[in-house]
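Below, chain A is the first sequence line, B the second, and so on; all start at residue 1. Worth saying up front: this structure is predicted, and the values here are computed from it rather than measured.
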There are 4 protein chains.
Amino acid sequence: MKRNSKLIPSMIKDQRLIAERRRQIIEGAVRLFVKKGFHKTTTREIARECGLSIGTMYEYIQSKEDVLYLVCEDIHSDLEKRLLEVVIESDSGMESLRKGLKQLFRVMDEMRPLVLLIYQETKSLPNDKMKYVLSKEEEITGLFERILHKGMQDGTIGIDPSSIKLMAHNIMVMGQMWTFRHWSLGKHYDVQEYTDRQMALLLGEFTNGGKRDGNRSDST
Amino acid sequence: MKRNSKLIPSMIKDQRLIAERRRQIIEGAVRLFVKKGFHKTTTREIARECGLSIGTMYEYIQSKEDVLYLVCEDIHSDLEKRLLEVVIESDSGMESLRKGLKQLFRVMDEMRPLVLLIYQETKSLPNDKMKYVLSKEEEITGLFERILHKGMQDGTIGIDPSSIKLMAHNIMVMGQMWTFRHWSLGKHYDVQEYTDRQMALLLGEFTNGGKRDGNRSDST
Amino acid sequence: MKRNSKLIPSMIKDQRLIAERRRQIIEGAVRLFVKKGFHKTTTREIARECGLSIGTMYEYIQSKEDVLYLVCEDIHSDLEKRLLEVVIESDSGMESLRKGLKQLFRVMDEMRPLVLLIYQETKSLPNDKMKYVLSKEEEITGLFERILHKGMQDGTIGIDPSSIKLMAHNIMVMGQMWTFRHWSLGKHYDVQEYTDRQMALLLGEFTNGGKRDGNRSDST
Amino acid sequence: MKRNSKLIPSMIKDQRLIAERRRQIIEGAVRLFVKKGFHKTTTREIARECGLSIGTMYEYIQSKEDVLYLVCEDIHSDLEKRLLEVVIESDSGMESLRKGLKQLFRVMDEMRPLVLLIYQETKSLPNDKMKYVLSKEEEITGLFERILHKGMQDGTIGIDPSSIKLMAHNIMVMGQMWTFRHWSLGKHYDVQEYTDRQMALLLGEFTNGGKRDGNRSDST
DNA sequence: CATGAATGAGATTTCATTCAT
DNA sequence: TATGAATGAAATCTCATTCAT
């Protein structure tokens, strides 16, 4: 789980200390990144905010971009952990989906500024780090893929197998859009309404069919 | 239409010249922003790319952020124009929606890098400019709101009035996600498939009801 | 001759200005490098010393190492120019050698701190630049090779062809050692004595033979 | 012999330990200095290379420059020791010179990177340490002075007493130039050739006279 | 109107050295 | 004695913006 200790080298030997200090760094940096964005935050500000000297901070990272990576990685991990919490093996596909969606919207709301952050700043990562973060994103999407697949197999969710990937993405995006469109959505809906409506839309789709051909659009 | 000539002051009197030079600036800047992002592009590079001296460029803008604003504004305008093209007064709501969606996905695909750009860099605008750009975004969303509303009234689209705003957002986001999730979606679907499936999903919703209460989720 | 304008790119277009400012930079930097050495001189000090702002200075160079390169290149050019001054086509080999040596020792003495500088700091250049400077050094050595060769052919200098290269190096080193061993030599000899004695040594060698085998050492 | 234990204070009492640890330090540092130069080597790297912690290393030195001093001092000592090995009291001056020169060129070749190192980095020493190192250098030069003097007295070497100092320097420099001009000399001569030719040059001078006036150059 | 040289505040990063454990 | 985490001064370099020509 703490594979990142390998991905970002440190001058420090004590692994426990690395974890502790990096936590400080993440927490300080998140506050600033949320407030001012990655580019407008200076390394000195980060150091001050997390209570380390600039020199000490650089013992635990190699570059400012590393801080962004740590932050993104941490938020993604948290997200994933909280989604996994509600998925129970013994549930049917539909039950899992229902719980997963509810949790998704709840988490997205609770972590709104954080999710918005990774949403906006992932692109500022250096290429290799960005790939890793995107793969994490895909992994979380994969969670919903598996739920949909289970539902398809146990007959509780009506969906064409070739649509599973897309629907998983749709679900994730519906979760995220609460963060990145909140400037507008927030004026008209609260979380509860937003959750109810989006769940109705998605679950409706899955109970009405999903394999129906009659409605297929001719978008030629 | 060229309201921006007011928003961004220029040292130059000749309005025609302003329009011409700003077009140059936009075109040069877009190429660079798409390739390297806003922050990693320098004003010098922009000037070189658009064939102006740095001094001349600054006669037509006031800051680097102005360039970003011009670019965002231009892309949004283009987007809006192309969407408006297919909306005909005499069409029914459903017909408009169908055409609008098709066009939305087509345009999003054709302008993929550009839409991705505004998507990622709007947040780098200074507050007042960002508000203006977001209002433009809302305006475009409003287009779909009007279509849905028309369909609701002429009975061709089944939707609860309180869901119109949300569904319009959903539509816009489904369009945009083709750009910002293309790194993953592009591996599994081409535009055609993507368009077909997303239209089926949306149109299905609108033909099946939208006012249905039985399916309402209890996300308490 | 000003090929270096290509080797070190500048942000400035006006070639005359580049030459002028780089001269300022060279002159300021030389003073500081001679006094404190390359590593202990900061870029800000160089800028101040040559009367430019740090920003302006960096318009004419790309890195601190570029300054060192400019300095080395300039000193070498000067050295070469002053040696070439005294070499006249119509002179015999021996006459050229005599004049060349006298000039070599005079120049080495006059440029003592500068020659010491390139002597000590060339190794701090990045690899490609260092190669260029060393090739310049070889070029100057080549001047003495040509003189020796001419003397060999016109019979005024007795030397084995296979020794020409080595003797040219010996000559150059005897010139340079006046700079890098001056801390000791200077306590016992003045330039005049130094010149006389070293010339006697070298010219003696060339008049006594150079092809002699009887004295060959058996260093096995 | 271990006079340096006085020049460089240590926190440690046990003299044997000091000697042992400093040997480690010297050996590690030499490898790095030869490869990367003094300035580009960090104290941390030195500590790692010699198997000490940075803290421990600093118990045996006071500054990074101390390490350079230890290294220079060690190389000079080695050099001197190996030259002294071949000088036998009972030999004539000329015999000593011959053996001394042969050994000089052999040692310079074998210790080439090390000699080059002291050659290039001595100037980076703080003033007092540099003086000490230079005095060591002068001491070694003195060895050849003594040999020349002996030869002059026993009639085996023809040399003017006022030239002895200079010739000793010439000898040393001819030895060193094999290291600092090897980038060029090495392309044309191997050690054997180099040794033979330089010895012929020097010994020729000493057998032909050295007191001759006829060849004296008029470098006025 | 056009040009591009000049500016300097400010950003990131390094690294010799110390000192509590 | 040994360790290695902590420190922060200082170094290099960038780049948006201005303004004299």
Side-chain angles (χ1 to χ4, degrees), chain A residues 10-14 17-18 20-21 39-47 51-67, chain B residues 10-14 17-18 21 39-48 51-67, chain C residues 10-14 17-18 20-21 39-47 51-67, chain D residues 10-14 17-18 21 39-48 51-67:
Chain A
S10 167
M11 294 276 85
I12 303 304
K13 297 186 170 179
D14 185 339
L17 201 49
I18 292 181
E20 186 189 329
R21 291 273 179 270
H39 283 102
K40 294 202 173 160
T41 303
T42 69
T43 51
R44 304 196 98 87
E45 286 174 311
I46 298 171
L52 299 175
S53 71
I54 184 71
T56 299
M57 188 173 85
Y58 267 90
E59 294 283 296
Y60 295 91
I61 55 162
Q62 305 227 96
S63 70
K64 190 186 171 192
E65 281 163 344
D66 280 356
V67 177
Chain B
S10 166
M11 295 284 91
I12 306 301
K13 303 296 163 206
D14 183 341
L17 201 49
I18 293 183
R21 291 273 182 268
H39 282 102
K40 295 202 174 158
T41 303
T42 68
T43 51
R44 267 176 160 164
E45 286 173 313
I46 298 170
R48 195 184 318 130
L52 299 175
S53 71
I54 184 73
T56 301
M57 188 172 86
Y58 265 88
E59 296 285 311
Y60 295 92
I61 56 162
Q62 305 227 96
S63 71
K64 189 187 171 192
E65 283 161 344
D66 281 356
V67 178
Chain C
S10 166
M11 295 276 85
I12 302 304
K13 297 186 172 178
D14 185 338
L17 201 49
I18 292 181
E20 186 189 328
R21 292 271 180 272
H39 282 102
K40 294 202 174 158
T41 304
T42 71
T43 52
R44 303 194 100 89
E45 286 173 313
I46 299 171
L52 299 175
S53 72
I54 182 74
T56 299
M57 187 173 86
Y58 267 92
E59 294 283 294
Y60 295 91
I61 54 161
Q62 304 227 99
S63 69
K64 190 187 170 191
E65 282 163 345
D66 281 355
V67 178
Chain D
S10 166
M11 294 284 92
I12 305 302
K13 304 296 163 211
D14 182 343
L17 200 48
I18 292 183
R21 291 274 181 268
H39 282 102
K40 293 201 175 157
T41 304
T42 68
T43 51
R44 266 175 159 164
E45 286 173 312
I46 298 171
R48 195 184 316 127
L52 300 175
S53 71
I54 183 72
T56 301
M57 189 172 86
Y58 265 89
E59 296 285 312
Y60 296 92
I61 56 163
Q62 304 227 96
S63 71
K64 189 188 171 190
E65 283 161 344
D66 280 356
V67 178

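To the nearest 0.5 Å, atom CG of residue Asp14(D) and atom CZ of residue Arg21(D) are 9.5 Å apart. Taking CD1 from Ile18(C) and NZ from Lys13(C), the interatomic distance works out to 11.0 Å, rounded to the nearest 0.5 Å.
The phosphate of dC15(F) has neither OP1 nor OP2 within less than 4.0 Å of any side-chain N or O from Thr43(B).
Legend: residues meeting side-chain hydrogen bond (donor to acceptor under 3.5 Å, both in side chains) with Thr41(D), ordered by chain and number and at least two apart, are absent. For Thr43(C), there are no side-chain hydrogen bond (donor to acceptor under 3.5 Å, both in side chains) partners, not counting sequence neighbours. Residues satisfying the side chain to side chain contact (heavy atoms under 4.5 Å, CB included) test with Ser63(C), not counting sequence neighbours, are Glu65(C), Asp66(C).
Between Ile61(D) atom CD1 and dT17(E) atom P there is a gap of 8 Å when expressed in whole angstrom units. Atom CD of Glu45(B) is separated from atom C1' of dC15(F) by 10 Å (rounded to the nearest Å). Residue His39(C) contributes atom NE2, which lies 15 Å from atom C1' of dA10(F) at whole-angstrom precision. Atom NZ in Lys64(A) sits roughly 18 Å away from atom C1' in dT14(E) (whole-Å rounding). To the nearest angstrom, C1' of dC15(E) lies 15 Å from NZ of Lys40(D).
Met57(B) approaches Ile46(B) most closely through the heavy-atom pair SD-CG2, 3.6 Å. Scanning all heavy atoms of the two residues, the minimum distance from Lys40(A) to Glu45(A) falls at O-OE1, 3.7 Å.
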Quick one: which protein N/O atoms are closer than 3.5 Å to N/O atoms of nucleotides 3-5 of chain F? Pair and distance per line, please.
residue	atom	partner	partner atom	Å
dT3(F)	OP2	Ser53(D)	OG	3.4
dT3(F)	OP2	Thr56(D)	OG1	2.7
dG4(F)	N7	Gly55(D)	N	3.0
dA5(F)	OP2	Lys13(A)	N	2.9

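Both Tyr58(C) and Glu65(B) sit near DNA chain F, but only Tyr58(C) has its closest nucleotide nearer the 5' end.
Residue pairs meeting the salt bridge (charged side-chain N to carboxylate O under 4.0 Å, His left out) criterion with at least one partner in residues 51-64 of chain C, sequence neighbours excluded, are Arg44(B)-Glu59(C).
Thr42(A) comes within 4.0 angstrom of the backbone, heavy atoms only, and of no base.
Helical stems involving DNA chain E, defined as 3 or more consecutive Watson-Crick or G-U pairs under 3.5 Å, span E:2-21 with F:2-21.
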